[in-house]
Amino acid sequence: MSDHIQIERHGAVQIIRMNRPDKKNALTRAMYTTMTKAIVDGDVDASIRAHVFFGVPGAFSSGNDLQDFMAFATTGNMGSEVIDFLIALVNAKKPLLAGVDGLAIGVGTTIHFHCDLTFATPQSYFKTPFVDLGLVPEAGSSLLGPVLMGHQRAFAFLAMGEGLHAVEAKEAGLVYKLVDTEELESTVLSVAAEIAAKPPEAMQISRDLLRMPREDVVERIKLEAKFFAERLQSEEARGALMAFLTRKKG
Ligand code: COA
């Protein structure tokens, strides 16, 4: 369990808050484990009707902790925490919402392919620098990205690592609505409460009908993970990770 994830309740809404501001909410293995447990436990708790992800002001998440990636690259052991989390996202039975302010990098971006509604402040920025890190897209984004935004935009975003400002992310369908910073949390919580007040069984079936079949997404996540694990051991990835971890800040 991780102190960097806070689980809160707002009526029938479970809030999963990433809270590691000094590292811009880079996600460690322990943070993934805590988030996975919250989703799985929340799904069997009838008093919870929706899950909401929040970050901290200025950082939704800077993605996977690059120190952990370096450890994977060195030891060859990826662990199961990341994949367990991604599969929990796909298998989540209740609506997933997110409120983004600021940076959303790597999995901090691809998580939104699994969210039913993502709200973002105008200064939010979404980016997936997978290829620049010698890596490949993850979290099923290689399957869900082209469906959501078309092949060319998905290529620019997921393969070229071209960032999307909030307005562009909304235009691409990754963000549902833009909200002023001071209204972000209250807006997301009020929409989540609105969802929570609807008949839960009909909501669950409707959501399932709208989503791509879970088995297809899980299969793609596993395929991506196979390449991802191989790539982490590559010279390209080790060089890029080392460059970040040893950079001198001005
Ligand atoms: N993993 C580990 N540490 C990270 C991190 C990550 N993904 N992202 C940020 N940090 C750490 C920085 O090393 C720094 O730590 P320090 O203060 O001990 O030196 C701290 O968080 C603040 O980051 P900093 O780079 O100083 O802030 P910034 O506002 O200038 O830039 C980012 C923020 C997120 C743009 C930049 O840190 C970055 O590019 N991070 C890597 C993102 C990434 O590649 N994620 C994986 C995608 S697959």
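Along the sequence shown, residues carry numbers from 1. Read the numbers this way: they start at 1 and go in the same order the structure lists the ligands and their atoms.
- Heavy-atom neighbours of Glu215 CD from other residues, nucleotides or ligands within 6.0 Å: above the threshold of 12.
- For ligand 1, residues of the protein lying within 4.0 angstrom by heavy-atom distance are Asp22, Lys23, Lys24, Ala26, Ser62, Asn64, Asp65, Leu66, Leu103, Ile105, Gly106, Pro129, Phe130, Leu133, Phe244, Arg247, Lys249.
- No more than 12 heavy-atom neighbours from other residues, nucleotides or ligands sit within 6.0 angstrom of CG on Asp3.
- Atom OH of Tyr125 has more than 12 neighbouring heavy atoms from other residues, nucleotides or ligands inside a 6.0 Å radius.
- Remark: Glu230 engages Lys226 in a salt bridge, criterion side-chain N to carboxylate O under 4.0 Å.
- Not counting sequence neighbours, Glu219 has no partner by the side chain to side chain contact (heavy atoms under 4.5 Å, CB included) test.
- Here the closest heavy-atom approach between residue Pro95 and residue Arg49 is recorded as CD-O, 3.4 Å.
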